[in-house]
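Working notes, structure below.
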Amino acid sequence: MTSDSVTTAQLPDAADMGDDVLNVVGLKKYFPVTRGFIRRRTSMVRAVDGLTFSIKSGETLGIVGESGCGKTTASRCIVRSLKPTEGQIWFRTGTGDVVDLSNLSQSQMRPFRRDIQFIFQDPYTSLNPRMTIFEIVAEPLVVNNVGNRREQEDRVSSLLRRVGLAPEYMKRYPHAFSGGQRQRIGIARALALNPRLIVADEPVSALDVSVQAQVLNLMADLQNDLGLAYVFVAHDLRVVRHICHRVVVMYVGKVAEIGNPDDLFRDPKHPYTEALISSLPAVEPSKRKLGTISLSGEVPNPADPPSGCFFHPRCPYAVEKCRVEAPEVREIEPGRFTSCHRIEELELVGSGD
């Protein structure tokens, strides 16, 4: 990853990616806003605006931010359910080849979908109620012509055991299961084709807290056993701190900060990260260094963002330069990136937990 994360880089061969499984460079996704009978374009919604990060095998990268920051749009661009407006999505296949997925057609993407799978947010709507559990988990195998019926049954039985469910459940329908069990079924389906990368869009946000812990521990165990790489989209910073190795903090489609979750909590480098951390309940209130920071105003409209730094209308530390000049994402120390003009001047406070 370069110090200027919005600069599009060229990665011509596998050597440039090192041991990365995924390398996203300058990713942008704009949606046109149209009006009138002839659907004339009047503006663009900048849902994702220059996102860059990389993931290694066996690593979990979290993407966090307020609702509407672009984290889900970014995840859907990675799995190519959305076509990026600009940027590159370099992916290393199981054979070691490096492919830019950003400009591939749907038919060209098909061979690579075996290596990239998705876990959905809502376990209640992500499973077809008319299909049995066997049909749901075996569907990727059927679509990709993997194995005969007997081999598919054996594979589904093995997957259900792996996620903590009895193979006898194969003939049941989704309505017979709890939310946590349904999410385990979704995880089993994602594992059916032995992927290298799994993109999880808030996979535990719809679950009870006790069930969240079980599902997160399952995902961690699967990662350790199979060497999976995760892109973990979430809004709960506590969950992200528990499961992620690195975190991308997004604000209105742009990167605010990237770093190790413990470092972000202890020593945030962007005012927005500081505000997010301050909103969390303290584990030990007596040791809390930071009071709650109430941000003024609303999240900017991505179709009409403010000039300069997008965060400046709500930032308590903003100066004139923040209002007129957009900050670049800079590497301030190994593995730490931020997009704040005043990083050298500010002494931001972490959670102390």
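In this structure, the side chain of S126 engages the main chain of D122 through a donor-acceptor pair within 3.5 Å. In this structure a side-chain-to-backbone donor-acceptor pair under 3.5 Å is missing from R46 to G253. Of the possible polar contacts, none joining the S307 side chain to the V324 backbone as a donor-acceptor pair under 3.5 Å is found. Checking side-chain atoms of E86 against main-chain N and O of K28 turns up no donor-acceptor pair under 3.5 Å. Put simply, the side chain of T73 never gets that close to the backbone of V48: no donor and acceptor are under 3.5 Å apart. Proximity of a side-chain donor or acceptor of R342 to a complementary backbone N or O of Y317 within less than 3.5 Å is detected. At least one donor-acceptor pair closer than 3.5 Å links the side chain of R80 to the backbone N or O of L104. Judged by distance alone, the side chain of K71 and the main-chain N or O of G65 form a donor-acceptor pair under 3.5 Å.
P327 and C340 get closest at one heavy-atom pair: CB-N, 4.3 Å. The minimum heavy-atom distance linking E202 with S205 is given by the pair O-OG, 3.2 Å. Q183 and P123 make their closest contact through N-CB, 3.7 Å (heavy atoms, listed as atom of the first residue, atom of the second, distance). Among all heavy-atom pairs drawn from V211 and G180, the shortest one is CG1-CA, 3.5 Å. A pairwise comparison of heavy atoms in S75 and V233 identifies CB-CG2, 3.8 Å as the closest pair. Here the closest heavy-atom approach between residue S178 and residue Y124 is recorded as C-OH, 4.1 Å.
Ring orientation note: the planes of Y173 and H175 are close to parallel, at an angle under 30° on the 30°/60° scale. Ring planes of F311 and Y251: perpendicular class, angle over 60° (limits at 30 and 60°).
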* **Residues S210, D208; criterion side chain to side chain donor-acceptor pair (under 3.5 Å); working and verdict** => CA-CA 6 Å; S210 59; D208 293 338; 5.5 Å; no
* To do: Would you check, one step at a time, whether the test side chain to side chain contact (heavy atoms under 4.5 Å, CB included) holds for H245 with Q223?
  => CA-CA 12 Å; H245 300 96; Q223 183 176 59; 3.6 Å; yes
* Please test D115 against T93 for side chain to side chain donor-acceptor pair (under 3.5 Å), starting from the C-alpha separation and ending with a verdict. => CA-CA 7 Å; D115 287 331; T93 67; 5.3 Å; no
* Please assess V79 against V231 for the test side chain to side chain contact (heavy atoms under 4.5 Å, CB included), listing each intermediate value before the final yes or no. => CA-CA 11 Å; V79 299; V231 175; over 6 Å; no
* Asked: side chain to side chain contact (heavy atoms under 4.5 Å, CB included) between M219 and I198: does it pass, once the steps are laid out?
  -> CA-CA 10 Å; M219 293 180 67; I198 291 180; 5.6 Å; no
* To do: Could you go through the side chain to side chain contact (heavy atoms under 4.5 Å, CB included) check for V21 and F91 one step at a time?
  => CA-CA 6 Å; V21 172; F91 178 70; 3.7 Å; yes
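The shortest side-chain heavy-atom distance between L51 and K29 does not fall under the 4.5 Å cut-off.
For K56, the side-chain hydrogen bond (donor to acceptor under 3.5 Å, both in side chains) test picks out D19, D20, with sequence neighbours left out. Looking at residues two or more places apart in sequence or on another chain, you find no salt bridge (charged side-chain N to carboxylate O under 4.0 Å, His left out) involving D221.
Checking each of R161, R155, E153 against S157 for a side chain to side chain donor-acceptor pair (under 3.5 Å) leaves exactly one that passes, namely R161.
E66 and R314 are joined by a salt bridge, as a carboxylate oxygen and a charged side-chain nitrogen come within less than 4.0 angstrom of each other. Note on R336 versus E257: salt bridge recorded, some NZ/NE/NH1/NH2 to OD/OE distance being below 4.0 Å.
Here NZ of K83 is found 6.5 Å from OG of S102. Values are rounded to the nearest 0.5 Å. Separating the CD1 atom in I243 from the CG atom in L216 is a distance of 5.0 Å, to the nearest 0.5 Å. Here the CZ atom belonging to R246 is positioned 8.0 Å from the CZ atom belonging to F337, to the nearest 0.5 angstrom.
Within a 6.0 Å radius of CZ in R110, other residues, nucleotides and ligands contribute 12 heavy atoms or fewer. Environment of CD in E298: sparse, with no more than 12 heavy atoms of neighbouring residues, nucleotides or ligands closer than 6.0 Å.
Residues V239 and L228 are members of one and the same hydrophobic cluster, defined by side-chain heavy-atom contacts under 4.5 angstrom among Ile, Leu, Val, Met, Phe, Trp and Tyr.
For R241 and F265, the positive end sits near the middle of the six-membered ring, less than 6.0 Å away and at most 45° from its axis.
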